[in-house]
Structure formats: C-alpha cells, structure tokens
There are 2 protein chains.
Amino acid sequence: MELRQLEYFVAVAEEQNFTRAAARLHVVQSAVSAAVKTLERELGASLLDRNSKRVRLTDAGAALLPRARIALDAARDARDAVAEVHGGLRGTLRIGTMTSIRLLHLPALLGEFHRRHPGVLLHTSVAPHGSQGLIDALAERRLDLAFVSLPGTPPAEIHLTDLASSVLDLVVPDDHPLATREAVTLADIAGLDFIDSPVGYGNRAVTDRAFAAAGLSRRVTIEIPDIATGAEHVRHGLGIALLPRFAVADDHGVRLLSVAGVDLNWTASLATPVDRPVGAAARALISLTAEFLP
Amino acid sequence: MELRQLEYFVAVAEEQNFTRAAARLHVVQSAVSAAVKTLERELGASLLDRNSKRVRLTDAGAALLPRARIALDAARDARDAVAEVHGGLRGTLRIGTMTSIRLLHLPALLGEFHRRHPGVLLHTSVAPHGSQGLIDALAERRLDLAFVSLPGTPPAEIHLTDLASSVLDLVVPDDHPLATREAVTLADIAGLDFIDSPVGYGNRAVTDRAFAAAGLSRRVTIEIPDIATGAEHVRHGLGIALLPRFAVADDHGVRLLSVAGVDLNWTASLATPVDRPVGAAARALISLTAEFLP
DNA sequence: ACCAAGTATCACCGATCGCGATCGTCGCGA
DNA sequence: TCGCGACGATCGCGATCGGTGATACTTGGT
C-alpha cells in the first residue's frame, strides 16, 4: 500500500467515477483503474463495486476511506512540517467559504496570507450547500478550514472563532405598505412572501431561527444562492428580504428598514476541526485571521 | 513521498544506522541509502546528518519523524480496518511488557488472543528501562499497547486500566535479626541495604514512594532487572528485598515478612494512548483483557 | 599508518507505472 | 429491440523505479 494508491482510491470514491478522478489527478483513466486494482489485490479485498455506469464503495472500501484520508493528511502534514523548518510553508490549503465573503473581507485576508506564504497554494471552494455543507466537508476531511455562518450550538467536532457580524435589515419595494416606516417588528412581516437563501446557508438559519423563536412563520417563495441579487428580486416585486446592508449595492426602488426586538445578527466564523491537529499552513492562516480581527 | 520511504526513514532514525535499518527492513543497505536520498531530494531538505560513523536527525528530520510515524500508523490502521471488514484481523500488534509478566498471566492472555485472531502477529518487547521506558515508547508510537506498573498519576497522554496487583513482602535471610518477626514496619528496615529493581521499574517506584512518604531512606546497593532472582540474592546475604510472593519460588534460607502500616501494593495496568485512536487489533486485545479481569 | 565499520555511488536487471488504443458493458432514448 | 455514448478493464509498449552486489570513500579508534 502506498500513498499514491490511497490518493487514487480517495479520488475515485469522492468522484464516484474513474474518469473524473483521473482528470482530477492529472493521469489517464487506465492508470487509476490499474492502481486501484493493485491496491485491492494487495489488501485482498474489493474496495469499489463498479461497472460502466456506476461506482460505489464496498464495506471494505467504506472502512478504508476515512483512514485513507487520515493517512494522506498525515503525509501532507509531514511535508508541510519539513517545509516549515526548512524554508517556508509549502503545500495546499483547502478552504471553504460562504458565497457572501464580503462579510469577512476574505480577499484582503487571503491576499495577505499569500504574500506572506507564497509557497502555499490556496484552494478555495464555495459552499453549494451553505455553511452546513462546509461543516460536513470539514468533518470529512475534504476541507482544512472553512469560513461559515452557523448560528446555534456548533457540532462537537468543530470549533468556531467568531470573526465579524452584520445585522440583517428588511428590504422592501419602495411602494410597499411598510415602506414609510423606519422600523418594523417580526409580527409586522409574519406570513408575507420572502426571498431568502436556501436552507443550510447561515443567513437563512438566522432568519428561520428568529421567526421560530417568535412563534411566527413566513413563506419563502424564492431561494437565491447569491444575496447580492436579493435587492434586485425585491425591486421587481418578487417578495421582501432580510439582507445585510452591504449586500444592497444599489438601493434605488427599495427601502431598508430596521427590525426591532429580535436577534437578526448574522455572524461569520472560522471553523476548525477539534478532533485532529491542523497542518502548519492552516495554523498560519488561523494566526493571520486573528491578526485581522479588530 | 511514499510510505515506503517514510518507513525506511523512520527505521534509520530509530536505529541511527543505515545497515541495521536495512536488516530490520529486509533490504540491502544501499536500497535504504538511495530511498532516503530520494526522499530528501523530493522534500528539498536534508533529513539526516550522517557520515560513516554517526547518523543524527537534522531539524527537518526531527520535524518529520513523529509525523512519519503518524502516517505509517494511519496506513497500518487502514489496512487493519479493511482486514477486519473483509475477513478477520490482520497486522502486527506491538506490545510492551514488564519483565515480571507473571503478575498478569500474560501468556494465558496472549495465547487466547492468538487463538481468536491468528492473523495478528504479536510483537512483544520487554522494557529495558522499566515501565517508564514503555510509557515513553507508547508516546513515541513505537508501541501500540503496554503492560506497565506506574504508581502515582499517569502522564496526561496515557490511559491506565488496572488489571492485577500484589503486595510486596519483605524477604530476609533466615538468620537475619528480623527473621523471627511476623511483620515489621518501614522504620524497622530504614537505612538497611536493599536489593531492588532499577529506577523506572514499577515495583521500584512503589518501594521508593513508600520510603519517601514515610520520610525514611534506605540503600539500594544492588539493582537486578529480574525479580525472580531476588530471593537468590537475599539468600546469599547481599541484602534484603521487597518482593511479591509469586517471585519467591524457592523460600529455603529466607523468610517472608509482612510490612505493616504502609502501601506496598504493586499494581499492573494496561496502558493505552489517549491522543490517538488505537487500531482494530489493539481494540481487540483491550476487549480480551477486560474479559480476563475477575 | 592501518583497520574495521559504515555510507554513498554505480552498473545491472527485473518490476512497476503511465500512456494510448481498444474491447466489453451498461443504461438510455428512439 | 437496437444503436449509441459514456465509462471501466485490458493490453502492449516505453520510460522509470527499486533492489542487488560490488566497490569507492569516509571516519574514528588503535
């Protein structure tokens, strides 16, 4: 068993496709097929149940996968540790981010990190399934760190460091009955049609929790993955929305109203695993993030 | 970087000699030399400072070594996990034991383990530096489990499960002034010449602690690594000793006396690491050990 | 100065790996 | 039912890798 074989196996398991795994690994498909076959022969067990249409893990493969990731992470940490001693950090840092990274000034943070550690490749990925998806990816070792928004108690295996927060304001079309008000309550907007992010996104969790805590409900009739388009949807009368002020670049045709008597604070945090040590590059980014805090 | 290279590097680091490492790995010396050189080239750092007389770790090598062990352990756990799913446990379990294994009936325990898991190779090693040395080896990932005797608070990274204990009795030559007594106190034997195990052994720690707790001292003039020879030394007038009864197979010429008013309980425990998960085979042995408890 | 022990280098050879071509399989749509 | 596209497995080939055995070089002790 060698790391190269584990790397190929993990790629196939994650992609559920030899051809895509080969592309990701920058080798031809037959090389991946052969390597996985050799690993199976060496371990004396079938790891993948596959045909021309479908690739699934066997029980043995399911047992191997998390441990293969641990071994690959350990090897990368080993490489990073040597690089740190010998002459600067090396390696790749896999970072998950929410789509609304402007809450955090991430470009400035990551830019500074890159200037300080040019040998580290930053591989950022946005969260197709919101912050909850990032948390899952962190737990499954597909990410090293994640910038998330996760109201409530985080899961036991994740540590959150709060970084920034913004209040969500109500955005209504300027001809809306509530538009003349300076502030409203949740009761004023209960039952109305809302535009919001999908379930799983942090801002969506904040708004859902607020309504639930007040024993009220609303209708989310349109889900948008990018809050920067929220004001546009509001402007065209598709509903009202709770958005941070920074997401409303152009406020013509809409009004922003405060919502009184409720916690609509949307907090962004850095999520790190607690069940394993993080690598040298991850530690460096965590330190830099702390420097960026006010 | 591959596991094979890490394995060769770890072997050289531990043996401090390429030729001995090669013997341990069952390859020729030049294969080890070439593999380490390739690893150094790939990492862009010198890992070992060596010449024909001496092999030492560099700073980069010192940074790599614990992480290399983690990666190798992870790979072995991966292999074991697949074997467990697929058809029984495989692999090697590295067990440290005190020399005085009769306190524990280890042969019976390990015999039963072997019958249940014939695919697991048990590699046992005794403790040249006593239980403390076993604890060090466990922390440094050179052992998976250890049977130790460690009075007092164990270090934070080790978990102890008490398994058995025996009281240490005073053994004197039968013409000794105390020989007519049924029991003595520590005060009676303070200042006398003792035969005992070396520092680091569990039984030695028990006796040293008892004298220290009583504010008394004694002279340990002969240190013996095997307590089974203790009574023989006493018989020949080389000193007196505190030994468990089971270690005195032949009591002619000596008397065994109780020592009142002091804790001379010598406890044997199973030491497991707390900072990392143990492999499948280790978990199986831990379970079997629990079954063997009364 | 000599020697023994150990590491590094070299030539050689068999094994391994990745590539490119191709075969076989499978699910889907007509 | 059939054709098709996509995908995994196999094969031949060339390049590279890894281990062996021999040997050169180095080093510390006598």
Side-chain angles (χ1 to χ4, degrees), chain A residues 1-62 64-65 68 71-72 75 78-79, chain B residues 1-62 64-65 68 71-72 75 78-79:
Chain A
M1 175 191 286
E2 291 294 0
L3 293 170
R4 182 184 62 85
Q5 293 165 318
L6 294 180
E7 183 182 9
Y8 287 16
F9 164 72
V10 167
V12 174
E14 288 178 355
E15 302 286 344
Q16 293 187 310
N17 181 295
F18 280 71
T19 305
R20 284 205 300 271
R24 163 170 148 179
L25 296 161
H26 307 299
V27 296
V28 302
Q29 175 266 324
S30 52
V32 178
S33 178
V36 170
K37 181 168 184 174
T38 301
L39 181 60
E40 285 176 322
R41 188 173 61 242
E42 190 175 309
L43 292 176
S46 174
L47 303 172
L48 295 158
D49 175 16
R50 67 272 202 187
N51 60 22
S52 58
K53 292 297 182 190
R54 189 173 53 84
V55 175
R56 288 179 186 170
L57 285 171
T58 61
D59 288 343
L64 177 61
L65 182 57
L72 292 170
R79 222 179 276 121
Chain B
M1 177 191 287
E2 293 292 1
L3 293 170
R4 181 183 64 85
Q5 292 167 317
L6 295 180
E7 184 182 10
Y8 287 15
F9 164 71
V10 168
V12 175
E14 288 178 355
E15 301 286 345
Q16 292 185 310
N17 182 295
F18 279 72
T19 305
R20 284 204 301 273
R24 166 169 147 178
L25 297 161
H26 305 301
V27 295
V28 301
Q29 174 269 324
S30 52
V32 178
S33 178
V36 169
K37 182 167 185 174
T38 301
L39 181 59
E40 287 176 320
R41 188 171 63 243
E42 190 175 310
L43 293 176
S46 174
L47 302 172
L48 296 159
D49 176 16
R50 69 272 201 184
N51 59 24
S52 59
K53 294 296 181 187
R54 188 173 51 86
V55 175
R56 288 179 185 171
L57 285 171
T58 61
D59 288 344
L64 177 61
L65 183 58
L72 291 169
R79 222 179 276 122

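Remember, it's a predicted structure, so these values are computed and weren't measured experimentally. Here is how names work: the chains are called A, B, and so on, in the same order as the sequence lines, proteins then strands, and each is numbered from 1.
Tested against B/Leu64 for a side chain to side chain contact (heavy atoms under 4.5 Å, CB included), the candidates B/Leu47, B/Thr58, B/Val10 yield a single pass: B/Leu47.
In terms of modelled atom types and a separation under 3.5 Å, the side chain of B/Glu2 and the main chain of A/Leu3 share a donor-acceptor contact. For the pair A/Glu40 (side chain) and A/Leu48 (backbone), a donor-acceptor distance under 3.5 Å is present.
Side-chain N/O atoms of B/Arg20 include none lying less than 4.0 angstrom from OP1 or OP2 on C/dA5. Put simply, A/Thr19 has a side-chain N or O that comes within less than 4.0 Å of OP1 or OP2 on D/dG8. Considering only side-chain N and O atoms, A/Ser33 lies under 4.0 angstrom from the phosphate OP1 or OP2 of D/dA9. At the phosphate of C/dA5, neither OP1 nor OP2 sits under 4.0 Å from any side-chain N or O atom of B/Asn51. Note on B/Arg4: a side-chain N or O is less than 4.0 Å away from OP1 or OP2 of D/dG19. Distances shorter than 4.0 Å separate none of the side-chain N or O atoms of B/Lys37 from OP1 or OP2 on C/dT7.
Within the nucleic acid shown, A/Val55 comes within 4.0 Å of sugar-phosphate atoms alone, with no base atom in reach, counting heavy atoms only. Among the atoms of the strands shown, base atoms are found under 4.0 Å from some heavy atom of A/Val28.
Rounding to whole angstrom units, CD of residue A/Gln5 and P of D/dC17 are separated by 16 Å. Following rounding to the nearest Å, A/Arg50 (CZ) and D/dT10 (P) show an atom-to-atom distance of 9 Å. Atom NZ in A/Lys53 sits about 11 Å away from atom P in D/dG5, given to the nearest Å. Following rounding to the nearest Å, B/Arg54 (CZ) and C/dA8 (P) show an atom-to-atom distance of 12 Å. Remark: C1' of D/dG8 and CZ of A/Phe9 are 16 Å apart, rounded to the nearest angstrom. In this entry the distance linking CZ of A/Arg41 with C1' of C/dA15 reads 12 Å, nearest Å. In this structure, the CD atom of A/Glu15 is 18 Å from the P atom of D/dA6, given to the nearest Å. As rounded to whole Å, 13 Å separates atom C1' of D/dC11 from atom CD of A/Gln29.
When the shell of 6.0 Å around CG of B/Asp49 is examined, it contains more than 12 heavy atoms from other residues, nucleotides or ligands.
Side-chain N/O atoms of A/Ser52 and base N/O atoms of C/dT25 include a donor-acceptor pair closer than 3.5 Å.
When side chains are defined from C-beta on, A/Arg54 counts as touching A/Asn51, because their heavy atoms get closer than 4.5 Å.
With D/dA9, D/dT20, C/dC19 as the choices, the nucleotide that has an atom nearest any side-chain atom of B/Ser30 turns out to be D/dT20. Residue A/Asn17 has its side chain nearest to D/dG8 when only C/dG18, D/dC11, D/dG8 are considered.
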